[in-house]
Amino acid sequence: MVTIENNCFSIPQICESGQCFRLDAVSEDTYELLAGSRYLKIGIRQKDPADETDGSGKADVHGETILYCTQEEYDSFWKEYFDLSVSYSDYIARIDADDDYLRSAAEFGRGIRILRQDTWEMIITFILSQQNNIPRIKGLIRTLSERYGRRRETPDKRVYYTFPEAEALSKASEQELRDLKLGYRSKYICGTAQMVADGRISLEALRSLDYADARAELMRLPGIGGKVADCICLFALHQMDAFPVDTHIKKVMELHYPEGFPFERYKGCAGVMQQYIFYYDLKYR
DNA sequence: GCTCAGGTGGTTC
DNA sequence: GAACCACCTGAG
């Protein structure tokens with residue numbers, strides 16, 4: 001069991017930030033996370049509610065997060081996964097003092113972190129995300145895992161399924177996937193799984209490319225355009241200059257940054273700013 | 001019935 | 001290269 005006290009680390013906020021589709025609340029103060037073939041139970045302990053005065057939803061930022069894993073598992077995997085060796089306060093401190101909108105967004109979502117998730121899992125997840133809503137995406141991933149993943153048990157003897165390997169998915173037919181309600185994305189999943197399984201795209205090689213090259217390489221896969229490639233670059237490859245622009249971000253950009261977003265100023269952390277904006281817009285819209 | 005949900009790919013001008 | 005449009009599905 002590992003306890004983390006961090007001002008900029010909130011599992012509920014990460015859960016709602018839309019970067020991870022296998023993190024769910026199972027009770028008010030307990031979450032379950034599936035990552036690749038791993039499972040993690042997470043407890044949330046609030047600080048004294050009397051400390052919270054404005055009821056703005058920031059309450060969960062200050063408190064303790066309990067990861068139900070060994071110190072060794074934390075050191076070797078989860079610490080990096082949650083990007084906990086990096087100070088997000090430093091990112092927030094870089095925000096333009098005159099940019100009221102971004103300052104508010106960052107304050108509102110200060111518990112968000114950019115996770116370092118599995119590349120293959122993000123590729124499939126964000127192909128499925130197009131023209132789709134979050135609950136349905138989660139359902140499709142669950143279905144795919146149950147059908148093509150491996151059955152496992154948690155320490156509490158609860159059953160879960162690992163994320164399907166490219167090899168396993170490459171053997172599925174388009175019709176099989178359509179029957180699972182993936183719709184027109186079925187063809188993309190088939191094509192992508194085959195290209196990864198037979199080595200036409202190397203996931204390992206993606207890690208060593210810079211942002212522009214990784215993005216271009218990802219876009220060779222069917223069903224992956226600029227937006228989805230940016231999501232994979234940010235949430236899996238940790239390319240912090242990736243700035244996925246979906247319909248919501250596009251509207252915010254038009255409204256608050258008609259002259260263009262200052263990417264130069266936020267070199268190395270534009271993706272974090274995107275997440276603050278996305279989450280703020282999602283919750284405030 | 002119609003629109004919309006975190007888009008992509010193909011066609012057209 | 002910008003502007004269409006089809007594409008599965010389920011919820012409101």
Side-chain angles (χ1 to χ4, degrees), chain A residues 12-24 105 108-109 112-115 117-119 121-147 169 172-196 200-201 214-237 239-258 260-261 270-285:
Chain A
Q13 288 192 350
I14 290 169
C15 184
E16 290 189 275
S17 71
Q19 57 177 305
C20 181
F21 294 80
R22 294 208 295 165
L23 171 60
D24 284 297
F108 187 74
I112 294 173
R113 283 178 171 264
I114 307 296
L115 305 183
Q117 301 184 77
D118 180 74
T119 309
E121 192 172 329
M122 292 300 97
I123 287 174
I124 296 304
T125 298
F126 284 98
I127 288 177
L128 292 179
S129 78
Q130 57 187 270
Q131 290 294 104
N132 231 332
N133 54 53
I134 291 170
R136 220 165 88 78
I137 298 163
K138 286 187 168 185
L140 293 177
I141 292 169
R142 198 184 337 271
T143 303
L144 271 186
S145 300
E146 287 171 5
R147 182 82 171 68
L169 270 189
S173 70
E174 184 184 334
Q175 188 55 49
E176 241 173 277
L177 298 181
R178 281 182 179 269
D179 293 343
L180 299 178
K181 315 294 184 193
L182 301 208
Y184 65 90
R185 307 165 196 87
S186 303
K187 187 163 49 170
Y188 301 155
I189 299 292
C190 281
T192 289
Q194 281 162 19
M195 283 179 71
V196 171
R200 270 177 287 170
I201 288 269
R215 187 178 194 268
E217 186 70 359
L218 284 165
M219 286 176 68
R220 289 176 50 215
L221 293 166
I224 299 189
K227 190 271 179 183
V228 168
D230 279 335
C231 288
I232 299 163
C233 282
L234 185 57
F235 304 136
L237 304 177
Q239 290 288 354
M240 298 293 265
D241 284 316
F243 191 94
V245 178
D246 55 46
T247 51
H248 304 299
I249 294 292
K250 188 164 182 290
K251 280 178 194 160
V252 171
M253 291 295 111
E254 286 162 1
L255 187 61
H256 295 281
Y257 301 94
F261 187 76
V272 184
M273 302 306 151
Q274 190 272 4
Q275 279 288 280
Y276 293 147
I277 293 169
F278 183 82
Y279 179 70
Y280 192 49
D281 185 61
L282 186 74
K283 304 293 283 184
Y284 256 26
R285 187 163 20 124

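Chain letters run A, B, ... following the sequence lines, proteins first, then strands; residues in each count from 1. The model shown is predicted, which means the values in this text are computed figures rather than measured ones.
Counting only Watson-Crick and G-U wobble pairs whose two distances sit under 3.5 Å, DNA chain C takes part in these stems of three or more pairs: B:2-5 with C:9-12, B:7-13 with C:1-7.
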Letter per nucleotide, 5' to 3', of nucleotides 7-12 of chain C [B base touched, S only sugar-phosphate touched, - untouched; heavy atoms, 4.0 Å]: BBBS--
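Atoms CG (A:Leu218) and P (B:dT8) sit 12 Å apart, rounded to a whole Å. Atom pair A:Lys138:NZ and B:dG6:C1' shows a separation of 14 Å (rounding to whole Å applied). Rounded to an integer number of Å, the gap from NZ of A:Lys251 to C1' of B:dA5 is 11 Å. Following rounding to the nearest Å, A:Ile123 (CD1) and B:dG7 (C1') show an atom-to-atom distance of 16 Å. As a whole-Å value, the separation of A:Leu128 CG from B:dA5 P is 18 Å. Rounded to whole Å, atom C1' of B:dA5 lies 16 Å from atom NZ of A:Lys250. In this structure, the CG atom of A:Leu140 is 17 Å from the P atom of B:dA5, given to the nearest Å. Atom P of nucleotide B:dA5 and atom CD1 of A:Ile134 are separated by 12 Å, given to the nearest angstrom.
Residues forming a salt bridge (charged side-chain N to carboxylate O under 4.0 Å, His left out) with A:Arg147 (at least two apart in sequence, or on another chain): A:Glu176. In this view, A:Gln131 satisfies the side chain to side chain donor-acceptor pair (under 3.5 Å) rule with no residue, not counting sequence neighbours. Partners of A:Arg142 according to the salt bridge (charged side-chain N to carboxylate O under 4.0 Å, His left out) rule, which considers only residues two or more places apart in sequence or in another chain, do not exist here. Every residue two or more places apart in sequence or in another chain was checked for a side chain to side chain donor-acceptor pair (under 3.5 Å) with A:Gln239, and none qualifies. In terms of the side chain to side chain donor-acceptor pair (under 3.5 Å) criterion, residue partners of A:Lys138 (sequence neighbours excluded) are, by chain and number, A:Asp24. Qualifying side chain to side chain donor-acceptor pair (under 3.5 Å) partners for A:Lys251, counting only residues two or more places apart in sequence or in other chains: none.
For residues 271-284 of chain A, every residue pair satisfying the salt bridge (charged side-chain N to carboxylate O under 4.0 Å, His left out) rule, not counting sequence neighbours, is listed here: A:Glu16-A:Lys283, A:Asp281-A:Arg285. Applying the salt bridge (charged side-chain N to carboxylate O under 4.0 Å, His left out) definition to pairs two or more places apart or across chains, those involving residues 219-234 of chain A are A:Arg215-A:Asp230, A:Glu217-A:Arg220. Pairs engaging residues 125-136 of chain A under the salt bridge (charged side-chain N to carboxylate O under 4.0 Å, His left out) rule: none recorded [sequence neighbours left out].
For the pair A:Gln274 (side chain) and A:Pro244 (backbone), a donor-acceptor distance under 3.5 Å is present. Using a distance-only test at 3.5 Å, with no hydrogens or angles considered, no donor-acceptor pair links the side chain of A:Thr192 to the main chain of A:Ile189.
When the P atom is compared between C:dC8 and B:dT11, the two are found 16 Å apart, to the nearest whole Å. For the P atoms, the distance linking B:dG6 with C:dA2 amounts to 25 Å, nearest Å.
Within 4.0 Å of A:Pro222, counting heavy atoms only, lie sugar-phosphate atoms of the nucleic acid but no base atom.
Residues from residues 225-237 of chain A lying near DNA chain C, meaning a heavy-atom separation below 4.0 Å, are absent.
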